[in-house]
Amino acid sequence: MSASLTFAFPKGRIAGPLATLLARPPLAIAPFAGRSLIVDVEEKGLRFLILKDFDVPTYVRRGAADLGVVGSDVLSETECDLPRPLEFPFGRCRFSLLAPAAAPPPPEGRALRVATKYVRLARDFFDRKGIAADIVTLSGSVELAPRMGLADFVADLVDTGETMRANGLEEVEKICDVAPQLVVNRGALARRRREVFAFVERLEGMLEVSPDSPGGGPCSPPSSLS
Amino acid sequence: VTPRRVSLPAGAAAYVFGEATRRRAAEEKIVERLRAAGYREAIVPSADYLAPYAPHLNAREERELYRFVDRQGDTLALRADFTIALARHLAARLTEDAETTRVFYRGEVLRGGAGQGSTAESYHIGAELLGVTGPPADLEIAQCCLDVLAAAGVERVHVILGAVAALEALLAPERTGKEAGDLARRISQRRLAETASEAARVSPEFARRVRRLLEGGLPPDDPLLARLPAGEGLAAVARGLSGRPGCEVAVDLAEPASRSYYTGFFFAVYGATGGEPIARGGRYDGLYAAFGAPRPAVGFSLGLEGIAGS
């Protein structure tokens, strides 16, 4: 019997709907419990590594995982060119430029200050526009930055917009759409091509399960992960 | 007292004692094998003017360079790739009537943007076969690559063969020009569902063709290869390599070329573990012409850190 396929599972915002998808037949993998960061599901030939979203490309690119799921935002930010056979219909959102609602325009004569954890995406956006921007790199809670005088704008993911509005921000412009992607390591493709594509097809089939089937319907977070 | 700094810059590495001995032993075995096959050594500078290299680099390759301004005000770059450096310095030495030239090199290359478990500094060994074109030369260089890997103790390998612009050629006549380029890019990214639905709108036969290109792993006698100008050559190389013990060969036309100067056949070699190729090679028939000595050329290189622990 061949070794398990190693799957990099992101524990960020797409963990819930992804766990729901994996719980559908035929994989029918129960949501992960406990604090272990490695979960073996031997009967399905799978090993899951529970990772931070931004670490998924590194694990997959370097071959520590054969495949994984990560948002297109992370792939663009890390300039990751891994094969990406599937885009998931859940967990979609947009990467947008946000500004304080009804705020006066930033003073002329200096670069715009933009707080974000997506430095490359933000810089590329302003370069395309020909606008000088001073990127303030933050690792989280970026919505606070304008209120505390750190930045004029925020560049961040917007889903329902609830966090944005709760922090007095409004959407100025969408920079790009974001969707979770299945990524595959090239070495795994070379060594285990059939297994990898069989797994991809299985996942694809699980996405097509009708809402009336057991476990079918939209991929919402199971209670253990929400 | 300032604490002694023992950390290294991201991606840098130092090797001592047993590890250094293992790496040198592997290097010596590889060099011995290359010399036995008739390859002569060339030494190129570790820093050079950036200008002659820039036209042969894509944006990402250029961004990865370590560059600096020397005391005369010229922009220099540290060696990030041997192939261009060798073409620049060897072209001036090649005489008009020179026949086949076999040359090898070894030394450090430095590329920025590493870290995340990748090395910025890598010890490369490679070989080039100049003045010969066609599948026998491509097969010789691929065989040579696998021979030196075997000499260094790498017994099991998976070889992926590809060709520049093969996808675009095989998407015709249904898709041409920009449409073919866009679809080829998505196939290269293995975008299964997206390409399947687009191809299905054209015809069932086109959908099957796209699917097979996307999945790769074509056998040497696959009819798709017969439709490709470079297909017979790829099939010949695949057949030539497939009898080697411990070697699995597949033609995968969705595999993107790893260097922007490749013009035709290229290959990547994966070991039994690890996510990145342990060796790469390909044909670059335009590179020597750019330095004033038109010559067909094919070569390979491997990073010692990828195989020393294998």
Side-chain angles (χ1 to χ4, degrees), chain A residues 2-3 6 8 51 54-68 72 74-89 120 123-124 127 179 181-208, chain B residues 58-61 63-64 112-119 156-162 185-197 211-212 214-219 246-252 254-258 267-280 305-306:
Chain A
S2 61
T6 304
L51 303 172
F54 266 83
D55 294 336
V56 169
T58 303
Y59 272 74
V60 178
R61 189 173 58 80
R62 299 286 294 155
D66 298 309
L67 29 76
S72 54
V74 177
L75 292 174
S76 299
E77 181 64 20
T78 56
E79 281 195 304
C80 180
D81 61 354
L82 288 167
R84 48 186 84 173
L86 276 187
E87 181 174 295
F88 295 99
R120 191 185 307 275
R123 188 173 290 147
D124 288 350
D127 281 350
Q181 314 276 330
L182 180 74
V183 289
V184 179
N185 170 258
R186 291 189 192 281
L189 265 187
R191 286 185 290 266
R192 308 176 69 174
R193 188 177 302 271
R194 283 188 184 177
E195 280 173 85
V196 167
F197 277 106
F199 182 77
V200 171
E201 279 185 348
R202 190 184 285 186
L203 273 186
E204 199 178 15
M206 289 161 65
L207 284 170
E208 288 163 3
Chain B
N58 62 30
R60 184 172 187 160
E61 289 162 348
R63 207 166 48 241
E64 286 175 350
Q116 307 292 324
S118 298
T119 49
R156 294 190 57 78
V157 291
H158 297 258
V159 183
I160 302 298
L161 305 178
R185 183 177 48 79
R186 291 196 292 277
I187 292 173
S188 226
Q189 292 176 331
R190 319 277 177 172
R191 291 181 176 268
L192 202 68
E194 204 179 312
T195 51
S197 59
R211 178 69 184 221
R212 283 175 53 231
L214 192 138
E215 289 191 359
L218 305 176
C247 174
E248 285 185 24
V249 186
V251 176
D252 188 346
E255 188 71 7
S258 59
F267 65 98
V269 183
Y270 292 87
T273 59
E276 295 180 350
I278 54 175
R280 301 174 195 267
E305 39 291 304

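Each chain gets a letter, A, B and so on, in the order its sequence line appears, and its residues count up from 1. In this text the structure is predicted, and so the values were computed from the model without any measurement.
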Peer 1: Quick one, B:Arg63 with A:Glu79, criterion side-chain contact (heavy atoms from CB on, under 4.5 Å). Give me CA distance, side-chain angles, the key distance, then yes/no.
Peer 2: CA-CA 12 Å; B:Arg63 207 166 48 241; A:Glu79 281 195 304; 2.4 Å; yes
Peer 1: Any heavy-atom pair between the side chains of B:Leu192 and A:Glu204 that's under 4.5 Å?
Peer 2: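 Side-chain contact under 4.5 Å: yes.
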Peer 1: Which region of B:Arg211, side chain (C-beta onward) or backbone (N, CA, C, O), has a non-hydrogen atom less than 4.5 Å from a non-hydrogen atom of chain A, or is it both or neither?
Peer 2: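 When you check distances to chain A, only side chain atoms of B:Arg211 fall under 4.5 Å.
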Peer 1: Which bit of B:Arg60 is near chain A, if near means a heavy-atom gap under 4.5 Å: side chain, backbone, both or neither?
Peer 2: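 Side chain only.
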Peer 1: Go through A:Pro85, A:Ala64, A:Pro83, A:Pro57 and name the one with the most non-hydrogen pairs under 4.5 angstrom from chain B.
Peer 2: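 Winner by heavy-atom pair count: A:Pro85.
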Peer 1: Check each atom of A:Asp66 against the heavy atoms of chain B and say whether the ones under 4.5 Å are side chain, backbone, both or neither.
Peer 2: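 Answer is neither: A:Asp66 stays 4.5 Å or more from chain B.
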Peer 1: So for A:Ala190, is it side chain, backbone, both, or neither that comes closer than 4.5 Å to the heavy atoms of chain B?
Peer 2: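 Both parts, backbone and side chain.
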Peer 1: What residue in B:Glu248, B:Glu255, B:Arg186 has the most heavy-atom pairs under 4.5 Å with chain A?
Peer 2: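 Greatest number of close heavy-atom pairs with chain A: B:Glu255.
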Peer 1: Can you say whether A:Glu87 sits under 4.5 Å from chain B via the side chain, the backbone, both, or neither, judging by heavy atoms?
Peer 2: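 For A:Glu87, side-chain heavy atoms alone lie under 4.5 Å from chain B.
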Peer 1: Are A:Arg186 and B:Glu276 within salt-bridge range, i.e. N to O under 4.0 Å?
Peer 2: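 A salt bridge is absent here (no side-chain N lies under 4.0 Å from a carboxylate O).
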Peer 1: If you draw a 6.0 Å radius around OH in A:Tyr59, do more than 12 non-hydrogen atoms from other residues or ligands fall strictly inside?
Peer 2: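 Open: at most 12 neighbouring heavy atoms sit under 6.0 Å from OH of A:Tyr59.
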Peer 1: Atom CZ of residue position B:Arg212 - does it have more than 12 heavy atoms of other residues, nucleotides or ligands inside 6.0 Å?
Peer 2: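 Count over threshold, so yes.
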Peer 1: Under 4.5 Å heavy-atom distance to chain A, tell me which part of B:Ala272 shows up: side chain, backbone, both or neither.
Peer 2: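 For B:Ala272, backbone heavy atoms alone lie under 4.5 Å from chain A.
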Peer 1: Is B:Glu194 paired with A:Arg84 through a side-chain N to carboxylate O contact shorter than 4.0 Å?
Peer 2: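 Salt bridge flag = no for B:Glu194 with A:Arg84.
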Peer 1: Measure across B:Gly274 and A:Asn185 and return the closest heavy-atom pair with its distance rounded to 0.1 Å.
Peer 2: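 So the two residues come closest at O-OD1, 4.3 Å.
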Peer 1: Side-chain contact, heavy-atom cut-off 4.5 Å: B:Arg191 with A:Gln181?
Peer 2: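 Yes, side chains in contact.
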Peer 1: What part of B:Thr195 gets within 4.5 angstrom of chain A, counting heavy atoms only: side chain, backbone, both, or neither?
Peer 2: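 Neither; nothing under 4.5 Å.
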Peer 1: Given that the side chain runs from C-beta out, which part of A:Arg193 has a heavy atom under 4.5 Å from chain B: side chain, backbone, both or neither?
Peer 2: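 Side chain only.
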Peer 1: Considering only NZ, NE, NH1 and NH2 on the basic side and carboxylate oxygens on the acidic side, decide whether B:Glu215 and A:Arg194 come within less than 4.0 Å.
Peer 2: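 So B:Glu215 does not pair with A:Arg194 through a salt bridge.
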Peer 1: Atom CG in A:Leu189, atom CD1 in B:Ile160: separation rounded to 0.5 Å?
Peer 2: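 Those atoms lie 8.0 Å apart.
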Peer 1: Is it the backbone or the side chain of A:Leu182 that comes under 4.5 Å from a heavy atom of chain B, or both, or neither?
Peer 2: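 For A:Leu182, no heavy atom lies under 4.5 Å from chain B.
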